[in-house]
Amino acid sequence: GAVVSQHPSRVICKSGTSVKIECRSLDFQATTMFWYRQFPKKSLMLMATSNEGSKATYEQGVEKDKFLINHASLTLSTLTVTSAHPEDSSFYICSAQLAATLPYEQYFGPGTRLTVT
Amino acid sequence: GEDVEQSLFLSVREGDSSVINCTYTDSSSTYLYWYKQEPGAGLQLLTYIFSNMDMKQDQRLTVLLNKKDKHLSLRIADTQTGDSAIYFCAESMYNTDKLIFGTGTRLQVFP
């Protein structure tokens with residue numbers, strides 16, 4: 001149980017275009033999902049916390065107008081990278097929180113590799 | 001502040017024990033976690049420890065926590081080639097769901 005999927009797994013887009021990444025909790029409901037960015041051989045950097053039915057909470061230094069997050073249902077959160085540039089190329093990972101018992105475990109998706117040309 | 005450090009690389013022979021270390025700076029963390037990431041994949045939770053414990057054992061995994069020194073370690077007994085991956089420690093802060101991840105340790109197991 002507690003499976004999280006991401007789509008697409010890999011995407012290449014041209015500079016200036018937008019790309020949407022989906023994160024789905026397949027067998028549980030998640031009121032809270034998280035979006036991370038991972039640079040090569042680096043740790044995961046939390047970008048934002050996505051809450052179902054409300055606005056996302058962005059970490060310091062993350063542009064909310066560039067990285068649009070929508071959490072419209074209890075099983076789906078989307079991250080849209082708008083007007084993508086080559087420096088946005090990265091591995092984006094989402095997680096969904098299972099708030100059943102403490103600690104509230106985060107289950108991670110397999111990641112999406114974005115390449116902006 | 002929130003700063004979690006790990007050594008970058010560890011190489012061990014198959015069958016030996018591996019010890020991966022992690023230091024953190026924020027004493028208000030409530031849970032500390034170990035995650036495993038295989039190439040091109042997401043993170044898999046291996047184990048976690050509550051901050052008022054000093055040890056937890058789960059099959060081949062032993063977690064040691066020294067809260068005074070803010071030091072966390074993961075020991076993998078009888079390390080196998082399938083254990084080769086990047087290991088991240090992470091801490092969750094009091095009264096928040098956020099996880100702060102360490103820099104990751106790449107474990108390489110050779111025959």
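Residue numbers start from 1 in every chain, and the chains themselves are labelled A, B, ... in the order their sequence lines are given, proteins ahead of strands.
When the shell of 6.0 Å around NZ of K66(A) is examined, it contains more than 12 heavy atoms from other residues, nucleotides or ligands. By the 6.0 Å contact criterion, NE2 on H85(A) is enclosed, its count of non-hydrogen atoms from other residues, nucleotides or ligands being greater than 12.
Interface remark: L44(A) contributes backbone and side-chain atoms alike to the contact with chain B (heavy atom separation under 4.5 Å). There is no contact between F50(B) and chain A, counting heavy-atom distances below 4.5 Å. Heavy atoms closer than 4.5 Å to chain A are found in both the backbone and the side chain of L99(B).
Between F88(B) and Q38(A), the closest heavy-atom pair is CZ-NE2, 3.5 Å. Nearest heavy-atom pair across Y48(B) and E105(A) is CE2-OE2, 4.5 Å.
Note that OH of Y107(A) is 7.0 Å distant from CG of L45(B), once rounded to the nearest 0.5 Å.
Linking Ile, Leu, Val, Met, Phe, Trp and Tyr whenever their side-chain heavy atoms come within less than 4.5 Å puts F101(B) and F91(A) in one cluster. Grouping the Ile, Leu, Val, Met, Phe, Trp and Tyr side chains by contacts below 4.5 angstrom, directly or via other members, places F108(A) apart from I21(A). Note on V3(A) and L74(A): separate hydrophobic clusters, where clusters join Ile, Leu, Val, Met, Phe, Trp and Tyr whose side-chain heavy atoms are under 4.5 Å apart, directly or indirectly. At a threshold of 4.5 Å between side-chain heavy atoms, the hydrophobic network of Ile, Leu, Val, Met, Phe, Trp and Tyr places V63(B) and L61(B) in one connected group. Under a hydrophobic-cluster definition in which Ile, Leu, Val, Met, Phe, Trp and Tyr are linked whenever side-chain heavy atoms come within less than 4.5 Å, directly or via other members, Y33(B) and L107(B) are assigned to the same cluster.
A donor-acceptor pair is defined here as one N or O able to donate and one able to accept, closer than 3.5 Å; such a pair exists between the side chain of S43(A) and the backbone of G102(B).
Annotation: maximal heavy-atom pairing with chain B below 4.5 Å, among P110(A), G111(A), G109(A), occurs at P110(A). Of the listed residues (Q37(B), R106(B), Q6(B)), the one with the most heavy-atom contacts under 4.5 Å to chain A is Q37(B).
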